*Asks:* 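Handing you a structure now.
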Amino acid sequence: MPVYRIRGVDVDFPFDAYDCQITYMDRVLQSLQQGNNALLESPTGTGKTLCLLCSTLAWRRTFGEFLRGGGGGGGGSQPSGSQQSGASATPLSPYPVIIYASRTHSQLRQVIKELKATSYRPKMAVLGSREQMCIHEEVSKLRGKAQNNGCHFLCKKRRCRHNNIVTEYMKSNNELGNEPFDIEDLVNIGRTKGPCPYYISRELSKSVDILFAPYNYLIDPGNRRSLTGIPWDNAVLIFDEAHNLESICADAASFDLHPNSVTSCIAKAQECIQLCSFKRSIENSADKQFDPENYAILKALLMALEKKISELVIASKELGYTKPGTYIYEFLSELNITSETSKKLIETIGSASLLLEEGNSGETKAGVKAKSTVSRLETIRDMLDIIFRGGGQNHAKYYRFHVNESRQTSGDSLQVFGSAQA
Ligand code: SF4
């Protein structure tokens, strides 16, 4: 393969590079060497992905060899000062970790295909969702938060056999990630050998040179929090096809509240009251977490919210209406939901989710039935998190409060959108 020396870095490139590719790689290396952000454009078909991969990996290798797991194939010496990560027993890299994000998984699949065409073999991992990776016969049929809750529930009780063998599998297969692989390869491993592909990818991601992930893993705070072990302060973030980024950020920071969701949450709050009363009667427990009074307050608040939404007057059914983002504080303060009271509310919703998970545990073999309504309660919690984050109202200036009439069912829908401009 041709080798190009650019800004003092030897870049292996799989083909003879065009001038525009050399220029592109030069700019990538410039920003990496100077530790600056770069916004790089190049016309379609000019091999941006290949240029990004080759130049970034060549730069990364100037620090030291790539990580290797397993029998030491092909990678050279381990960097000094490295530590062992839990299950994978591959050393953590003391060097910058490259996080390569793209919008969809099919775009990532294409990037991984391009990596295979290069001479670089960094230790890698690819992240995906449970929807793509879960192989549990019941949980794999669920979607969204219901699926996440079902998985958490089973793992907590050690009732997913696929999860139970991940650590063992990783210990005896720590060469995984030495060669480029895709989500489909992980799912095949799960189906043929048994370990959960989702948790294999999570384990692998703790100790890699390059991590491939869809945008939402970096942008959505909940997803980001779940990525433990990634040294964010020593990472290079690459957003491929970044023109999609703005709308994805706005989506991640916005919420949409439909009265039907509030109605389901009221039913769940009522269920919590009954579960608590029952729990107290058989366990004679005075545990505050299971105080029915808390859930009665939650139910009353949700009923007031439902009523308030139903009373909103919309002059134009077509357009709805829009107010500045700060209006949400006025709207909620009339229900006595403020920065102070929201903390208690968020706590109560958290314990309600636990209570409902436990309450549902006897309903099916896996105990995952009816989690979708639990997740609606969590939508309210996420909404409060967005509104009251940081305890201040500064971020509200970037938002708009929009009310419109839902076309599918009767009832107003309240939407709060993030906006790129103040
Ligand atoms: S741990 Fe089990 S339930 Fe969770 S994603 Fe893996 S296979 Fe599915």
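Source: prediction; values computed, not measured. Both counts, for ligands and for their atoms, begin at 1 and track the order of listing.
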*Asks:* Do side-chain atoms of E241 reach the backbone of R103 as a donor and acceptor pair under 3.5 angstrom?
*Replies:* no
*Asks:* Keeping to distances under 2.8 Å, can you name the protein N/O/S atoms close to atom 2 (Fe) of ligand 1?
*Replies:* C160 SG
*Asks:* Taking R389 for the side chain and Q393 for the main chain, is one N or O donor matched with an acceptor at less than 3.5 Å?
*Replies:* no
*Asks:* Which one of H162, R130, Q147 satisfies the side chain to side chain contact (heavy atoms under 4.5 Å, CB included) criterion with V139?
*Replies:* Q147
*Asks:* Nearest heavy-atom pair of P195 and I135: which atoms, and what distance?
*Replies:* O-CD1, 3.8 Å
*Asks:* Angle class for the F331/Y327 ring planes (parallel below 30°, perpendicular above 60°, tilted otherwise)?
*Replies:* tilted
*Asks:* Tell me, which pairs form a salt bridge (charged side-chain N to carboxylate O under 4.0 Å, His left out) where one or both residues lie in residues 342-355, sequence neighbours left out?
*Replies:* none
